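Given the structure is predicted, the values throughout are model-derived calculations rather than measurements.
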Amino acid sequence: MSPKPLITAEDIDTKLAEMGRRITEDYAGKDVLLVGVLRGAFMVMADLARHIDLPCEFDFMAVSSYGASTQTSGVVRILKDLDEEIAGRHVVIVEDIIDSGLTLNYLIKSLKVRKPASLEVAALLLKEGVQRVPLDVKYWAFAIGPEFVVGYGLDYAGRYRNLPYVGVMEP
Ligand code: IMP
Ligand code: MG
């Protein structure tokens, strides 16, 4: 059974174009380093980047996620660190979804100590009212409820990442 569509491919494209324009304006005259959080953020990263009209470099980090469960463990492990040095650079972390915020909170802390010139977050989805830590997310495209979503990079037990839209798993 296919997940029930929640956000269409067209709506995603419209919002990412808008986000890309904002980033282009906000960082005018600067170079940016986009840091994608693997694996879920690969689609957002690819599509958002095409709407950013600036000198841009790319790097990726991999962190442990939920495994096959839909509950956050609160435990974050870095599986792959950045290849690039970020000191003095304008870094934008690109995330698929912010749920409890624990993953991002940990990432922000571990990147801040490396002294980037600036550090912001661009996320496709923000689950409303469930963050367990205060977070300052400058760019986000859609606020959603607490439901578990898949598609457009997001998985359930490794599957559904290839869906071009964001959908809800039905029981
Ligand atoms: P957090 O640490 O609770 O904010 O969760 C962050 C990570 O959990 C995200 O980057 C996703 O990989 C995963 N995640 C959280 N909510 C969902 C969801 O609804 N569907 C798929 N993955 C999710
Ligand atoms: Mg993720």
Side-chain angles (χ1 to χ4, degrees), residues 3 5-63 65 82-101 103-112 114-131 133-147 149-155 160-168:
L6 180 68
I7 305 170
T8 65
E10 290 72 27
D11 289 346
I12 293 171
D13 190 55
T14 303
K15 284 284 193 183
L16 290 184
E18 198 181 301
M19 190 187 284
R21 276 197 299 275
R22 273 187 66 202
I23 292 174
T24 303
E25 285 170 21
D26 293 353
Y27 291 85
K30 296 171 182 156
D31 290 24
V32 295
L33 176 67
L34 300 179
V35 170
V37 185
L38 295 172
R39 282 170 270 178
F42 75 98
M43 279 213 193
V44 195
M45 184 91 159
D47 287 341
L48 173 63
R50 278 180 269 200
H51 294 293
I52 298 176
D53 187 14
L54 293 168
C56 228
E57 288 185 48
F58 295 74
D59 204 347
F60 293 92
M61 287 183 89
V63 294
S65 192
L82 295 174
D83 293 327
E84 300 287 324
E85 297 289 341
I86 61 166
R89 304 179 72 177
H90 296 285
V91 176
V92 179
I93 300 174
V94 180
E95 256 288 27
D96 48 5
I97 187 165
I98 300 165
D99 183 4
S100 69
T103 307
L104 198 57
N105 185 52
Y106 179 86
L107 278 181
I108 289 171
K109 276 191 193 154
S110 61
L111 296 189
K112 266 192 179 156
R114 304 182 198 180
K115 304 266 186 284
S118 65
L119 183 63
E120 298 292 352
V121 177
L124 180 73
L125 305 170
L126 183 65
K127 284 192 184 174
E128 257 181 331
V130 295
Q131 278 80 54
V133 278
L135 284 176
D136 187 14
V137 180
K138 185 157 184 188
Y139 309 101
W140 51 270
F142 301 95
I144 61 169
E147 62 269 25
V149 291
V150 295
Y152 199 73
L154 292 156
D155 75 303
Y160 304 110
R161 292 192 197 275
N162 56 321
L163 292 179
Y165 61 91
V166 172
V168 184

[X] side chain near [Y] side chain, heavy-atom distance below 4.5 Å:
X    : Y    : value
E147 : L6   : yes
L125 : I7   : yes
Y106 : V63  : no
V166 : I144 : no
V92  : H90  : no
K127 : I97  : yes
L107 : V121 : no
L124 : F142 : yes

Find the distance between [atom1] ([X]) and [atom2] ([Y]) and round it off to the nearest 0.5 Å.
X    : Y    : atom1 : atom2 : value
N105 : D136 : CG    : CG    : 12.0 Å
I93  : L119 : CD1   : CG    : 4.5 Å
D47  : H51  : CG    : NE2   : 6.5 Å
L16  : M43  : CG    : CE    : 12.0 Å

For [X] and [Y], which heavy atoms make the closest approach, and how far apart are they?
X    : Y    : value
P3   : Y165 : O-OH, 3.1 Å
A117 : G88  : CB-O, 3.3 Å
L82  : I86  : CD1-CG2, 3.6 Å
V91  : P116 : CG2-CB, 4.0 Å
L135 : G101 : CD1-CA, 3.6 Å
A123 : I98  : CB-CD1, 3.6 Å

### Message
Is there a side chain to side chain contact (heavy atoms under 4.5 Å, CB included) between Y152 and I12? Walk through the geometry before answering.
### Response
CA-CA 9 Å; Y152 199 73; I12 293 171; 3.6 Å; yes
Using a 3.5 Å cut-off and no angle test, enumerate the donor-acceptor pairs between side-chain atoms of residues 19-35 and protein atoms at least two apart in sequence or in another chain.
unit_1	atom_1	unit_2	atom_2	d
T24	OG1	G20	O	2.7
T24	OG1	D53	N	3.0
D26	OD2	Y139	OH	2.6

### Message
Could you go through D96 and V37, starting from their C-alpha distance and side-chain angles, then the distance that decides it, and tell me whether this counts as side chain to side chain contact (heavy atoms under 4.5 Å, CB included)?
### Response
CA-CA 8 Å; D96 48 5; V37 185; over 6 Å; no
### Query
For atom CD of E84, is the number of surrounding heavy atoms from other residues, nucleotides or ligands below 6.0 Å larger than 12?
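Enclosed.
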